[in-house]
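First the structure, in the form of structure tokens, and then the observations on it.
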Amino acid sequence: MLSQKLKGMLCRYNPWTHPRLFSLYDSSDTRRTVPASNSDTMITLSQISSVASKVLSAYVSLAALVTLLRTLAEEIIPDRLRSYIVSSLKRLFLPPSSQLTLIIDQFCGPTSNEIYQAAHIYLPTKISPSHDRIQVGKPSNQSNSTITLPKGAQVEDSFRNIRLQWKLDDDRKLFFELSFDKQFREIVLQSYLPYVIAMSKEVKEEDKEVKIYTRKYATHKTVSWDSIQLHHPATFESLAMDPDQKKAIMEDLERFTKRKELYKKIGKAWKRGYLLYGPSGTGKSSLIAAMANHLKFDIYDLEFTCIINHRHLMSILLSIPRRSIIVIEDIDRIDSGPVSPSSLLKLMDGLWSWNTANEKIWVVTTNRKDVLEAVLIRPGRLDMHIDMSYCTTMNGSKLLSSKYLDTSDHPLFKYIEALMKNKEITAAEVTGEMMKSDNVDLTIGEIVKLLKSKNDVKNEGILENSDLSKHQALEAAGIEESEQRGN
Ligand SMILES: Nc1ncnc2c1ncn2[C@@H]1O[C@H](COP(=O)(O)OP(=O)(O)OP(=O)(O)O)[C@@H](O)[C@H]1O
């Protein structure tokens with residue numbers, strides 16, 4: 001009896017056998033045309049709504065359970081383990097992937113990972129206009145803001161027609177994922193990653209802010225440096241000096257930085273030495289700053305007075321990184337202490353030079369080349385001797401005038417040039433006058449006065465031979481002839 005009742009109920013609820021319900025699943029079935037009584041229709045609709053509400057509530061509960069499980073999984077299982085589980089499941093149920101993913105952590109054991117650091121610098125250069133999130137920051141000790149990738153950012157790159165996909169992810173610590181087609185594994189490991197490191201170095205050099213380093217603890221034996229950004233604006237362009245001399249220095253520097261392999265081949269330490277000599281205010285420090293700004297090399301000021309002994313000197317030199325300019329100022333004024341300047345320069349050439357010279361430039365300055373020991377200036381020790389002298393032509397002064405006074409021509413320039421041939425005036429004195437006023441005529445007049453106040457170097461009537469008459473010149477400068485006679 002009971003079994004028959006159940007059978008009847010099942011028959012009514014079963015969509016595959018119930019004529020009304022069946023039509024919902026297969027509209028083409030001919031059974032759809034079987035007529036149904038009114039009472040049958042009534043029962044079926046209420047049953048449909050009951051089944052539907054049961055299915056709906058079951059679905060809602062299932063969805064809630066799935067959401068709960070997912071939230072729990074996200075809270076409890078670390079990202080890395082989760083992605084491992086997901087990839088293991090994928091491996092089990094999906095066909096094997098043709099992609100390979102490299103995980104690049106921030107650290108390689110106790111040291112930082114060079115590939116991670118390189119990617120961190122290189123990838124922002126690959127940010128395309130399609131990116132809608134980028135990260136910016138500005139360290140307080142730097143003047144430029146920096147752009148980096150935010151967490152989760154993806155960047156595409158291509159190398160020898162290989163498509164590479166980078167992703168910055170995190171699992172308490174940030175790491176990069178680099179995905180590409182497995183068949184290019186060797187190219188990526190052997191060529192692409194070294195390329196990323198090389199490119200990051202280039203980006204770093206371009207963005208680099210030049211610093212000047214001085215020793216931190218003047219009397220302490222340990223080597224520690226203090227640095228500040230080099231704000232000296234000098235450039236080769238702004239430097240007033242003989243154009244041929246300027247060109248020769250720039251070419252020499254360029255050649256030096258490109259000759260790593262040559263130095264290795266000929267068995268010479270990769271270093272270059274410059275001796276800058278000339279009176280105070282002729283631009284020796286400005287030239288050092290121009291060199292540093294041009295090459296983006298940091299400056300290390302080697303204060304001689306606080307060097308205790310040879311061993312101390314060696315540790316100081318070893319602490320200076322490559323691509324630096326080591327400066328010894330006013331070498332003629334250094335008293336011979338435990339380490340004399342000449343013994344330092346001997347060290348530069350000796351066996352130790354191989355450990356301390358790695359793309360380093362030495363600059364030694366002096367106001368008195370004539371008093372230097374022969375050992376300091378012998379050929380090959382300081383490769384280039386640069387004469388930083390007084391202004392003798394208008395070339396430099398015209399350049400200064402165009403920078404400081406916005407003019408590179410004036411009726412008195414010829415007269416000034418004639419005066420310069422017989423007087424000693426430094427670029428510092430000329431720029432000093434140019435800073436005093438915005439009035440061009442007044443300033444040029446003051447330079448004439450300053451020149452005239454100086455003693456003649458030689459008495460050869462140079463001024464009288466110049467093609468500008470003295471009267472004309474003094475008039476232009478607003479200087480009375482009677483005043484001149486008084487001189
Ligand atoms: N050749 C130059 N071109 C442009 N400006 C110069 C030049 N020489 C000197 N000056 C100006 O004079 C200032 C002082 O010059 P600088 O300190 O470079 O001379 P110096 O030869 O190093 O002097 P010192 O021997 O006293 O250290 C510079 O800041 C710059 O404004």
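Computed from a predicted model, the values in this text were never measured in an experiment. Atoms within each ligand, like the ligands themselves, are counted from 1 in listed order.
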Short N-O contact, [X] and [Y], less than 4.0 angstrom:
{"X": "D383", "Y": "R272", "answer": "yes"}
{"X": "E156", "Y": "R163", "answer": "yes"}
{"X": "D456", "Y": "K423", "answer": "yes"}

Out of curiosity, is [X] lining ligand 1, as in a heavy atom under 4.0 Å away?
{"X": "D330", "value": "no"}
{"X": "Y404", "value": "yes"}
{"X": "S238", "value": "yes"}

* Can you check whether Y300 and W225 have ring centres sitting under 6.0 Å from each other? ->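 Centroid separation for Y300 and W225: below 6.0 Å.
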* To do: Could you tell me whether F176 and Y116 have their ring centroids closer than 6.0 angstrom?
  =>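 Centroid separation for F176 and Y116: below 6.0 Å.
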To the nearest 0.1 Å, how far is [atom] from its closest protein heavy atom, and which atom is that?
{"atom": "atom 14 (C) of ligand 1", "result": "A428 CB, 4.1 Å"}
{"atom": "atom 7 (C) of ligand 1", "result": "A427 CB, 3.3 Å"}
{"atom": "atom 30 (C) of ligand 1", "result": "S286 OG, 4.0 Å"}
{"atom": "atom 5 (N) of ligand 1", "result": "L400 CD2, 4.1 Å"}
{"atom": "atom 25 (O) of ligand 1", "result": "K284 NZ, 2.9 Å"}

[X] versus ligand 1: do any nitrogen or oxygen atoms come within less than 3.5 Å of each other?
{"X": "S280", "result": "yes"}
{"X": "G281", "result": "yes"}
{"X": "G283", "result": "yes"}
{"X": "A240", "result": "yes"}
{"X": "S285", "result": "yes"}
{"X": "T282", "result": "yes"}

* Asked: Nearest heavy-atom pair of M388 and M241: which atoms, and what distance?
  ->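 That would be SD-CE, 4.0 Å.
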* To do: Give the minimum heavy-atom separation between R323 and K208, together with the two atoms involved.
  =>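 In terms of heavy atoms, the two residues are closest at O-NZ, 4.3 Å.
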For [X], which part has a heavy atom under 4.0 Å from ligand 1: side chain, backbone, both, or neither?
{"X": "T431", "answer": "side chain"}
{"X": "L287", "answer": "neither"}
{"X": "T365", "answer": "neither"}

* To do: Kindly assign one of parallel, tilted or perpendicular to the pair Y263 and W270, based on the angle between their ring planes and the thresholds 30° and 60°.
  =>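 Taking W270 first and then Y263, their aromatic rings sit tilted (interplane angle of 30° to 60°).
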* **Value rounded to 0.5 Å, distance of CD in Q154 from CD in E177** =>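 So the gap between those two atoms works out to 9.0 Å.
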* Under the criterion side-chain contact (heavy atoms from CB on, under 4.5 Å), which of I386, D244, L276 is the partner of I249? ->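 When I386, D244, L276 are each tested with I249, the side-chain contact (heavy atoms from CB on, under 4.5 Å) holds only for I386.
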* Asked: Does NZ in K151 sit with more than 12 non-hydrogen atoms of other residues, nucleotides or ligands closer than 6.0 Å?
  ->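 No.
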* To do: List every atom of ligand 1 that sits less than 4.0 Å from any heavy atom of N367, numbering the atoms from 1 in the order shown and giving each element.
  =>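 Result: 25 (O).
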